[in-house]
Amino acid sequence: MAKKNDIYLSVVIPMYNEEKSVKKLYAKLLKHLDPLKKSYEIVFIDDGSIDKTLKLLLELQKDDKRIKIVKLRGNFGQTSALAAGFDHSIGEVIVSMDGDLQHDPSDIKKLLKKMDEGYDIVSGWRKDRVDNLILRKIPSKIANYMMAKLTKVDIHDFGTTLKAYRRDVIQSIRLYGQFHRFIPALASEVGATITEVPIKNIMRKHGKSNYGIFRTFTVFFDLIRIKFLLSYMSKPLQVFGLVGILMLLAGGGVFSYLTFLKYAYGTGYGLMEYRAPLFIMSVFLMVSGIQLFTMGLLGEIIVKSLYDSGKKQPYYVDKIYS
Ligand code: UDP
Ligand code: MG
């Protein structure tokens, strides 16, 4: 797609029905990007807006060639919009942010300062959050705590999109689902260094958030997926195989015990019949144990073909000195 040239910064902003914010956002961006004295581009992704967002963006672009607009065919969601923006940006450093004025472009400077210190990802941290306590702040605190613990990435705020990335790091990650909040976790897998800086958090003035309380649940499911992918993707047999063997052993143990009772003492008589709960349980455990183990083996075949096809790399080179 986009080729590398001498642009330093790409600001990537997904827009879904943000007509009320477009002009103000652009003005604020200029105010804070120009003084940086760095070459930059602004990449807007129109994620299938049905209001005047695209029209207003095109108007801005007529007078400012630093603006790039990626219009998607429909509404693919924030993560996919971000992925499209990353793929079509050319800057050495990429900053992603929301287009609803909840992020302040004045924070970009802080992110870039940390990037200069050599980090691969600088994450924004909404230290003083202005959202609803019950619906947003508390669930997000719990989710963030779990994410930090499970992914071993030590930051406070995974959820916000105001973040800066080095281009090669973002290129090594494939995004799908609701995965944008897991970029730091996925990036840590390829060896990126990550830090955070406090950013401003502004109330949404125009339009409504695209998400409700339901997102909290999807985030928890994503967390389980991510944990699994990060820890066991390369070794599925260790998860399924272990559980499978344990179930097989437990089932076999109960079955042997019943057989022993029946033939040695005759007291097991009745327990060994096909309607007896213990008997059913032992058979169930053994059969599912074998199935889980086989699933682990199947998983190993899938992983092998991923590595073989080159879609997954066993290592990621940072730099080559020669
Ligand atoms: N967004 C998008 N596609 C979507 C939903 C949201 O591009 O399907 C954009 C939206 O325009 C905004 C950003 O993603 O720039 C964050 O969305 P929102 O403000 O609804 O999320 P919240 O701030 O409530 O987390
Ligand atoms: Mg918002």
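In listed order, ligands and their atoms are each counted from 1. All values reported here derive from a predicted model rather than from experimental measurement.
Residue Glu41 is tested with Lys68, Arg66, Lys65 for a salt bridge (charged side-chain N to carboxylate O under 4.0 Å, His left out); the sole match is Lys68.
Less than 2.8 Å away from the Mg ion (ligand 2), the protein contributes these N/O/S atoms: Asp100 OD2, Gln102 OE1.
Asp46 and Tyr16 form no side-chain donor-acceptor contact under 3.5 Å, judged by distance and modelled atom types alone. No donor-acceptor contact under 3.5 angstrom links the side chains of His180 and Ser96, judged on distance only.
In this structure, Phe86 and Tyr165 have perpendicular ring planes: the angle between them is above 60°, well past the 30° mark. Note: Phe182 and Phe179 have perpendicular aromatic rings, judged against thresholds of 30 and 60 degrees for the angle between ring planes.
In this structure, Lys114 fails the cation-pi test against Tyr119, since its NZ or CZ atom is not both closer than 6.0 Å to the six-membered ring centre and inside 45 degrees of the ring normal.
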Listing, residues 282-307 side-chain donor-acceptor contacts under 3.5 Å, not counting sequence neighbours, or none:
unit_1, atom_1, unit_2, atom_2, d
Ser282, OG, Phe279, O, 2.8
Ser288, OG, Phe284, O, 2.5
Thr294, OG1, Ile290, O, 2.5
Glu300, OE2, Leu237, N, 3.0
Lys304, NZ, Asp308, OD2, 2.7
Ser305, OG, Ile302, O, 2.8
Tyr307, OH, Ser234, OG, 2.8

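Residues with a heavy atom under 4.0 Å from ligand 1: Pro14, Met15, Tyr16, Glu18, Asp47, Asn75, Gly77, Gln78, Asp98, Gly99, Asp100, Gln102, Arg136, Arg204, Ser209, Asn210, Tyr211, Arg215.
A search for ring-ring contact (aromatic ring centres under 6.0 Å, His included) contacts involving Phe158 returns nothing, not counting sequence neighbours.
At a threshold of 4.0 Å, the pair Arg166-Asp168 does not count as salt-bridged, since none of the basic side-chain nitrogens sits closer than that to a carboxylate oxygen.
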